[in-house]
Amino acid sequence: MTKKVEKKAAVLDVAVKVDAPAEAGAAEAVVAPVAAIDPKAALAKPAKAAGARQGGFKPNEFIVYPAHGVGQIVAIEEQEVAGFKLELFVISFVKDKMILKVPTPKVASVGMRKLAEADVVRRSLDTLAGRARIKRTMWSRRAQEYEAKINSGDLIAIAEVVRDLYRSDSQPEQSYSERQLYEAALDRMAREVVIVQKLTETEALKAIEAQLQKGPRRGKAEEIEVDDAESEIEEAA
């Protein structure tokens with residue numbers, strides 16, 4: 001009987017329902033997923049210092065969660081799930097009106113990280129001024145690659161999406177799906193720039209726009225040239 005109970009507890013994949021913060025103006029509770037974890041194994045390990053156990057994250061600290069972007073740790077709490085106590089980061093995404101609870105032992109596996117250093121933010125802004133890299137592949141495949149970059153949590157990769165999907169006034173307009181991905185990447189990048197460089201959202205967007213306008217003119221002829229180069233590389237592979 002004991003072995004069966006342990007086996008059942010070995011893989012736990014649950015969703016914790018929590019109330020959205022009042023200041024976010026949410027009318028209903030949201031479901032905050034808690035990643036799969038073995039609570040028995042987590043409890044069986046020797047106790048570590050709180051800082052090591054929590055990956056160096058602290059309450060009120062801004063962090064980056066790959067699938068949602070910049071959020072703030074509003075609390076670290078214990079919650080009983082399936083009879084086991086789990087230590088959880090409570091992360092608020094005010095703009096999205098969402099609360100996410102992440103088990104502290106899972107922060108590395110889900111890709112949660114601290115805000116980018118100032119030099120990484122500068123490199124991401126420099127990336128915007130570079131030449132767009134447009135692959136000669138079906139849009140559906142390119143869209144998947146762009147989405148993967150956006151959800152990677154890598155600020156440089158997100159900047160590449162912003163750069164590649166940006167269109168100046170002299171260029172053809174973006175399609176609806178291109179616009180959606182561009183705005184998602186722009187929002188993710190701007191939120192991190194706001195916190196790291198201590199800017200307002202308007203100032204961050206202006207800084208990003210200024211960098212994009214420094215880039216080479218990306219007319220139709222240039223896009224085709226880049227497409228052909230990428231196509232040859234893919235065929236050789």
Side-chain angles (χ1 to χ4, degrees), residues 18-28 30 32 57-75 89-102 107 110-130 132 143 146-171 173-215 218:
V18 296
D19 292 326
E23 63 271 21
E28 58 185 16
V30 296
F57 296 102
K58 305 181 294 294
N60 301 318
E61 180 179 3
F62 286 96
I63 56 86
V64 175
Y65 191 91
H68 303 294
V70 175
Q72 185 176 25
I73 298 174
V74 295
F89 286 117
V90 183
I91 305 169
S92 172
F93 300 87
V94 176
K95 194 171 181 179
D96 299 323
K97 299 179 181 179
M98 181 181 72
I99 291 288
L100 191 69
K101 290 189 174 183
V102 181
V107 292
V110 300
M112 190 170 116
R113 65 170 174 83
K114 291 179 175 289
L115 292 174
E117 298 289 340
D119 66 316
V120 176
V121 173
R122 283 194 295 271
R123 284 196 290 121
S124 72
L125 290 170
D126 290 341
T127 297
L128 300 175
Y146 288 143
E147 193 167 359
K149 283 187 173 185
I150 292 170
N151 291 325
S152 69
D154 184 329
L155 188 58
I156 303 296
I158 294 170
E160 290 173 353
V161 178
V162 175
R163 177 199 66 197
D164 292 350
L165 293 178
Y166 171 73
R167 298 291 182 270
S168 65
D169 294 337
S170 62
Q171 291 178 286
E173 291 185 2
Q174 298 158 321
S175 67
Y176 176 73
S177 54
E178 283 179 323
R179 186 71 187 172
Q180 281 189 312
L181 286 170
Y182 172 75
E183 290 179 350
L186 180 63
D187 180 67
R188 292 282 177 89
M189 183 174 184
R191 289 195 203 186
E192 194 157 1
V193 172
V194 163
I195 303 298
V196 176
Q197 295 197 340
K198 297 179 173 58
L199 303 174
T200 65
E201 185 176 359
T202 301
E203 290 170 338
L205 290 172
K206 284 182 178 179
I208 291 171
E209 177 72 20
Q211 287 298 108
L212 287 167
Q213 290 180 355
K214 290 179 183 178
R218 287 170 285 187

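- The side-chain contact (heavy atoms from CB on, under 4.5 Å) check on Leu186 picks up Val162, Tyr182, Leu205, Ile208, with sequence neighbours excluded.
- Within the model, atoms CD1 of Ile63 and NZ of Lys58 stand 12.5 Å from one another, a figure rounded to the nearest 0.5 Å.
- For Arg179, the side chain to side chain donor-acceptor pair (under 3.5 Å) partners are Gln174, Glu183, not counting sequence neighbours.
- For Glu61, the side chain to side chain donor-acceptor pair (under 3.5 Å) partners two or more places apart in sequence, or in a different chain, are Lys114.
- The CD atom of Gln180 sits 11.5 Å away from atom CG of Leu165, with the distance rounded to the nearest 0.5 Å.
- In terms of heavy-atom proximity, Asn60 sits nearest to Gln72 at O-NE2, 3.0 Å.
- Partners of Asp187 under the side chain to side chain donor-acceptor pair (under 3.5 Å) rule, at least two apart in sequence or in another chain, are Lys95, Arg191.
- Scanning for side chain to side chain donor-acceptor pair (under 3.5 Å) contacts around Ser175 gives Ser177, Glu178, with sequence neighbours left out.
- For the side-chain contact (heavy atoms from CB on, under 4.5 Å) test, residues two or more places apart in sequence or in another chain that qualify with Ile158 are Ala185, Arg188, Met189.
- More than 12 heavy-atom neighbours from other residues, nucleotides or ligands sit within 6.0 angstrom of CD on Glu203.
- Applying side-chain contact (heavy atoms from CB on, under 4.5 Å) to Val196 and the options Leu115, Val120, Leu155 leaves one that passes, Leu115.
- Listed here is the closest heavy atom pair of Asn151 and Ala67: OD1-O, 3.9 Å.
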Run the side-chain hydrogen bond (donor to acceptor under 3.5 Å, both in side chains) check on Thr202 and Thr200 step by step: do they pass?
CA-CA 5 Å; Thr202 301; Thr200 65; 4.7 Å; no
